[in-house]
There are 2 protein chains.
Amino acid sequence: MKWDALEEEPCSLARTVAVIGDRWSLLILRECFLRIRRFDDFQASLGITRHLLADRLKKLVRFGVLRKIPYQEAPKRYEYILTQKGLDLYPIIMSIVHWGNIHMVDSRGRPMLHQHKACGHMFDPVMVCSECGEPLSAKGVHVHPGPGARRSSPVHAKALGTKVKAG
Amino acid sequence: MKWDALEEEPCSLARTVAVIGDRWSLLILRECFLRIRRFDDFQASLGITRHLLADRLKKLVRFGVLRKIPYQEAPKRYEYILTQKGLDLYPIIMSIVHWGNIHMVDSRGRPMLHQHKACGHMFDPVMVCSECGEPLSAKGVHVHPGPGARRSSPVHAKALGTKVKAG
DNA sequence: AACCATAAGTTCTATTTTAGAACTGTCAAT
DNA sequence: ATTGACAGTTCTAAAATAGAACTTATGGTT
């Protein structure tokens with residue numbers, strides 16, 4: 001499968017993976033949330049090759065996740081800053097960090113701690129239902145095809161116990 | 001940077017990316033959450049090459065995200081099912097799907113809808129603070145080095161406005 | 001004027017990863 | 001004896017990544 005095909009899939013996960021599902025994009029975005037904005041700073045803090053960094057930044061701008069803002073003329077130089085679309089990736093970043101905190105830390109403990117400015121406490125992120133506010137788990141959720149779905153594949157129908165017409 | 005180096009980074013995001021940060025792992029996990037369990041079913045529903053599928057399943061088992069369970073003897077065959085560590089990836093999957101729902105849908109609308117069994121409503125996932133229950137955003141959170149941190153890099157110190165000793 | 005430094009890339013070759021298809025081994029059913 | 005299901009493995013070609021050097025534009029130093 002090519003990257004472009006991923007964008008076209010009738011699946012919100014696949015389309016998001018087309019944007020952030022490679023080795024470097026999430027690490028670049030981590031730096032953005034840590035207030036890194038410039039090419040050489042990304043390069044220094046990540047150790048990514050300049051070639052790939054240029055490529056990934058271009059991709060993130062193309063998808064509207066980052067925006068290039070000029071910070072000086074002569075020579076013209078730009079900073080890369082998160083758009084609203086990019087800021088909206090925060091729950092993804094935080095849930096990834098949280099999973100790593102729970103399942104991938106060594107004996108030294110967490111590399112980073114998070115404090116909620118509003119309440120002042122150190123916290124973990126919790127995912128809840130927008131309607132009732134209760135925490136979510138895979139087993140507590142039913143999945144339904146939406147208007148953008150295509151016919152479910154036989155293999156999914158079997159797995160979900162659905163009946164499908166032949167043909 | 002090599003994949004193995006990513007596991008060793010003092011960063012929960014990098015360590016999680018070592019597990020799920022490639023083109024296929026998240027798509028395989030999506031299938032797991034949709035109750036797909038067997039090699040040929042993964043292959044048929046994803047179109048992934050058999051080579052890569054075998055490789056990724058092996059990796060996910062090695063990381064303790066999936067477990068191989070025998071479902072028949074003679075010939076011995078296994079199913080791949082999510083461990084608790086794997087089930088804990090649900091918030092990551094859901095936040096990725098939600099971002100795609102908001103930012104990557106076409107005119108036809110969402111490919112999938114989610115219903116909360118507990119309250120009966122169609123819902124979106126919301127990320128809240130474990131301490132006060134209020135929704136989280138990047139700007140509402142302070143980041144602190146934890147016990148597993150290593151000395152912050154000059155570039156991060158600059159970005160965060162911290163003072164660092166020379167040397 | 002010549003030299004150095006900064007910033008943001010681009011270009012090059014070598015290595016690694018992935019795609020795509022074919023092949024292998026085990027067993028059951030016909 | 002042949003066919004088909006299942007779970008991989010093996011092969012070659014194509015694509016992506018690593019690592020280093022090079023480019024362009026400008027400003028400051030000697």
Side-chain angles (χ1 to χ4, degrees), chain A residues 1-7 9 14 17-28 31-32 36-62 66-81 154-155 158-159, chain B residues 1-7 9 14 17-28 31-32 36-62 66-81 154-155 158-159:
Chain A
M1 185 188 286
K2 289 148 200 164
W3 278 108
D4 295 4
L6 219 48
E7 287 175 53
E9 288 267 307
V17 166
V19 182
I20 60 164
D22 68 274
R23 202 180 305 216
W24 286 112
S25 294
L26 278 168
L27 294 167
I28 291 171
E31 298 304 298
C32 293
I36 301 295
R37 293 172 153 83
R38 300 186 183 177
F39 193 93
D40 277 18
D41 287 345
F42 284 113
Q43 207 273 319
S45 74
L46 289 171
I48 185 176
T49 65
R50 306 179 74 78
H51 183 126
L52 270 239
L53 177 57
D55 185 82
R56 289 297 181 276
L57 289 172
K58 210 169 282 176
K59 190 186 81 173
L60 291 170
V61 168
R62 179 163 57 80
L66 298 179
R67 186 167 32 216
K68 273 174 95 158
I69 303 286
Y71 71 89
Q72 74 171 35
E73 309 289 325
K76 200 116 182 175
R77 298 244 183 273
Y78 297 89
E79 292 186 322
Y80 294 89
I81 66 155
V155 55
K158 192 181 79 176
Chain B
M1 184 189 284
K2 288 148 198 162
W3 279 108
D4 295 2
L6 219 48
E7 288 176 54
E9 287 269 307
V17 166
V19 182
I20 59 165
D22 69 273
R23 201 179 308 215
W24 285 112
S25 295
L26 278 168
L27 293 167
I28 291 170
E31 298 304 298
C32 293
I36 300 295
R37 293 173 153 84
R38 300 185 184 177
F39 193 93
D40 276 19
D41 287 346
F42 283 112
Q43 207 274 318
S45 74
L46 289 172
I48 185 177
T49 65
R50 306 178 74 79
H51 185 127
L52 271 239
L53 177 58
D55 186 82
R56 289 299 181 274
L57 289 172
K58 211 169 280 177
K59 190 187 80 173
L60 291 170
V61 168
R62 178 163 58 79
L66 298 179
R67 187 169 29 217
K68 273 175 93 158
I69 303 286
Y71 72 90
Q72 74 170 36
E73 309 289 325
K76 200 119 182 172
R77 299 247 184 271
Y78 297 88
E79 292 185 321
Y80 294 89
I81 65 155
V155 56
K158 193 182 76 178

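Letters A, B, ... are given to chains in the order of the sequence lines, protein chains preceding strands, and every chain is numbered from 1.
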*Taking OP1 and OP2 of dC23(C), is either one under 4.0 Å from a side-chain nitrogen or oxygen of R50(B)?*
no
*Give the minimum heavy-atom separation between S45(A) and V155(B), together with the two atoms involved.*
CB-CG1, 3.5 Å
*Quick one: R37(A) CZ to dA8(C) P, roughly how many Å, whole number?*
13 Å
*Write down the distance between CG (L6(B)) and C1' (dT16(C)), rounded to a whole number of angstrom.*
16 Å
*Using atom CD of Q72(A) as one end and atom P of dA8(C) as the other, report the distance to the nearest whole Å.*
8 Å
*Along DNA chain C (nearest heavy atom to each residue), the more 5'-positioned of K58(A) and R23(A)*: K58(A)
*asked:* Minimum heavy-atom separation for V17(A) and W3(A), please, with both atom names.
replied: O-CZ3, 3.4 Å
*Rounded distance (Å) that lies between atom P of dA7(C) and atom CG of L53(A)*: 14 Å
*To the nearest 0.5 Å, what is the distance between CD (Q43(A)) and CD1 (I28(A))?*
11.0 Å
*Report yes if at least one side-chain N or O of K76(A) is closer than 4.0 Å to OP1 or OP2 of dG9(C); otherwise report no.*
no
*How is Y71(A) classified with respect to the nucleic acid when contacts are heavy atoms under 4.0 Å: base, sugar-phosphate, or nothing?*
sugar-phosphate
*What is the distance from CD of Q43(B) to C1' of dG20(C), rounded to the nearest Å?*
11 Å
*When you match G47(A) and Y78(B) each to their closest nucleotide on DNA chain D, which lands nearer the 5' end?*
Y78(B)
*Which residue lies toward the 5' end of DNA chain D, P75(B) or I48(A), if each is placed at its nearest nucleotide?*
P75(B)
*asked:* Taking any heavy-atom pair under 4.0 Å as a contact, classify Y80(B): base, sugar-phosphate, or nothing.
replied: sugar-phosphate
*Taking 5' to 3' order, which nucleotide of DNA chain D is first and which is last to have an atom within less than 4.0 Å of a heavy atom in chain A?*
dT17(D) to dT26(D)
*Roughly, in whole Å, what's the span from CG in L52(A) to P in dT17(C)?*
14 Å
*Face-on cation placement of R37(A) at Y71(A) ring, 6.0 Å and 45° thresholds*: no
*asked:* If you compare all heavy atoms of S25(B) against all heavy atoms of V19(B), which two are closest, and at what distance to 0.1 Å?
replied: OG-O, 3.7 Å
*Closest non-hydrogen atom pair, I36(B) against A159(A)*: CD1-CB, 3.8 Å
*R38(A) side chain, from C-beta outward: closest of dC12(C), dG25(C), dA8(C)*: dA8(C)
*Rounded to the nearest angstrom, tell me the gap between atom CG in D22(B) and atom P in dT18(C).*
7 Å
*Over-ring placement of K59(B) relative to W24(B), 6.0 Å and 45° cut-offs*: no
